[in-house]
Amino acid sequence: KIYMDGSLGAHNAFLSVPYSDEPSKRGFCFYTVDELIRCIQTAQHHSKQVAIHVIGDEALELCLQAFEYVSAHSGLTKTHRLVHVQMASNDQLRRIHSLPLVINFQPVFAEADKIMAEKRLGKIRLQRIGYPFRAIRTMRIPFSLSSDTPVETMNPFAILSHAEKFMTREEAFYAYT
């Protein structure tokens, strides 16, 4: 698993626009696009999949640039995973859909982070790009669900209950198992 950025709560998820409650901060990123390209190419050379922790929209943008580069120059030979994707524009979601990527998200965060996320992003930005789980499903982007234990509960019934806010019970059960 590659960590592209940090967390929204700690103000270190990498955002395209500064935090609403900390206007001097945009978070940080652990890898450049070129470094991430090398990671993806190396993993593929060894027949491995890449899973990337990505929360902020700017971190996601860098991931997409790297996957698009590898796809155009040598092809993506594996289905790679984007873990969390708590912020994404519709354009970014369309680009994800065009690549062999699977999103692994944790529906419990939409509820657990609700108050904090609005402080970090502001109400309008949160509504526009935050927790795009319904759009992921509607756009038919391949996805799976998980708990992110120990950060949040590992209780499968709680996870499925949170997921039902974005999808049917059957879809949630299929994505979680």
Side-chain angles (χ1 to χ4, degrees), residues 1-10 12-16 26-44 46-110 112-113 117 121 125-126 128-149 151-152 159 162-163 166-167 171-172 174-177:
K1 183 173 180 179
I2 296 170
Y3 282 82
M4 195 63 177
D5 63 353
S7 72
L8 190 59
N12 53 28
F14 192 42
L15 308 182
S16 60
R26 288 183 50 219
F28 62 85
C29 199
F30 289 111
Y31 294 90
T32 66
V33 172
D34 289 338
E35 291 168 330
L36 192 54
I37 288 168
R38 285 193 296 278
C39 288
I40 295 166
Q41 289 173 327
T42 299
Q44 289 197 146
H46 294 284
S47 298
K48 303 293 181 194
Q49 294 174 306
V50 174
I52 303 176
H53 162 110
V54 56
I55 291 178
D57 64 322
E58 189 65 16
L60 178 58
E61 181 60 33
L62 299 178
C63 288
L64 290 173
Q65 289 174 19
F67 281 119
E68 289 166 341
Y69 178 90
V70 174
S71 179
H73 289 84
S74 57
L76 289 169
T77 59
K78 294 287 180 186
T79 300
H80 301 286
R81 289 183 296 141
L82 298 171
V83 181
H84 301 306
V85 188
Q86 288 177 218
M87 285 174 265
S89 69
N90 285 333
D91 177 63
Q92 288 173 322
L93 292 175
R94 281 190 286 278
R95 291 163 60 203
I96 291 168
H97 191 261
S98 72
L99 295 163
L101 299 173
V102 173
I103 295 174
N104 173 253
F105 66 85
Q106 301 70 32
V108 68
F109 283 132
D113 293 356
L121 302 175
R125 183 169 35 163
L126 177 61
R128 190 170 39 85
I129 67 168
Y131 305 89
F133 308 146
R134 185 170 283 112
I136 290 166
R137 187 186 126 273
T138 302
M139 294 174 78
R140 299 182 184 267
I141 297 170
F143 69 90
S144 63
L145 304 178
S146 67
S147 67
D148 205 42
T149 297
V151 176
E152 289 292 342
I159 293 160
H162 286 288
F166 307 101
M167 63 195 73
E171 289 169 323
Y174 177 79
Y176 189 61
T177 56

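As the structure is a prediction and not an experimental result, all values here were calculated from the model.
The closest side-chain heavy-atom distance from Val50 to Leu36 is not below 4.5 Å. Using a 4.5 Å cut-off on side-chain heavy atoms (C-beta onward), Pro100 and His80 make no contact. Asp113 is listed as a side-chain neighbour of Tyr131, based on a closest heavy-atom distance under 4.5 Å. Contact check for Leu8 versus Leu121: side-chain heavy atoms found under the 4.5 Å cut-off. Counting heavy atoms from C-beta on, the side chains of Ile136 and Ile96 never come closer than 4.5 Å.
Here the shortest heavy-atom pairing between Tyr31 and Met4 reads O-CE, 3.5 Å. Residue Leu60 comes nearest to Met87 through the heavy atom pair CD2-O, 3.6 Å, listed as atom of the first residue, atom of the second, then distance. Residue Pro107 comes nearest to Ser146 through the heavy atom pair CD-O, 4.3 Å, listed as atom of the first residue, atom of the second, then distance. Looking at every heavy atom in both residues, Ala163 comes nearest to Leu145 through CB-CD1, 3.6 Å. Shown here for Ser144 and Val102, the closest heavy-atom pair between the two residues is N-CG1, 4.3 Å. When every heavy atom of Gly6 is checked against every heavy atom of Ile55, the shortest pair comes out as O-CD1, 3.3 Å.
Residue-environment remark: CZ (Arg125) exceeds the threshold of 12 foreign heavy atoms within 6.0 Å. Dense packing is recorded around CZ of Phe30, with more than 12 heavy atoms of other residues, nucleotides or ligands lying under 6.0 Å away.
We find the CD-CG distance between Gln65 and Asp34 to be 10.0 Å, quoted to the nearest 0.5 Å. Rounding to the nearest 0.5 Å gives a distance of 8.5 Å between CZ of Arg140 and NE2 of His97. Between the CG atom in Asp5 and the NE2 atom in His53 there is a gap of 5.0 Å [rounded to 0.5 Å]. In this structure, the separation between CZ on Arg128 and OG on Ser89 is 8.5 Å, given to the nearest 0.5 Å. Rounded to the nearest 0.5 angstrom, Gln41 CD and Arg38 CZ are separated by 9.0 Å. Taking CD of Gln106 as the start and NE2 of His162 as the end, the distance is 12.0 Å to the nearest 0.5 Å.
Applying the salt bridge (Lys or Arg N to Asp or Glu O under 4.0 Å) test to pairs two or more places apart or on separate chains, those with a residue in residues 48-72 are Glu61-Arg95, Glu68-Arg95.
Residues passing the salt bridge (charged side-chain N to carboxylate O under 4.0 Å, His left out) test with Glu35, sequence neighbours excluded: none. Qualifying side-chain hydrogen bond (donor to acceptor under 3.5 Å, both in side chains) partners for Thr42, counting only residues two or more places apart in sequence or in other chains: none. In this structure Ala10 satisfies the side chain to side chain contact (heavy atoms under 4.5 Å, CB included) test together with Ser7, Asn12, sequence neighbours excluded. The side chain to side chain contact (heavy atoms under 4.5 Å, CB included) search around His73 returns Tyr69, not counting sequence neighbours. Residues passing the ring pair (Phe, Tyr, Trp, His ring centres under 6.0 Å) test with Phe14: none are found, sequence neighbours excluded.
Between the Gln49 side chain and the Lys78 main chain, no donor and acceptor come within less than 3.5 Å of each other.
Evaluated for a side-chain contact (heavy atoms from CB on, under 4.5 Å) with Leu82, the options Phe105, Phe143, Phe67 yield exactly one hit, Phe67.
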Given the rule in the side chain to side chain contact (heavy atoms under 4.5 Å, CB included) test, do Leu101 and Leu64 qualify, once you have shown the distances and angles that lead to the verdict?
CA-CA 10 Å; Leu101 299 173; Leu64 290 173; 4.2 Å; yes
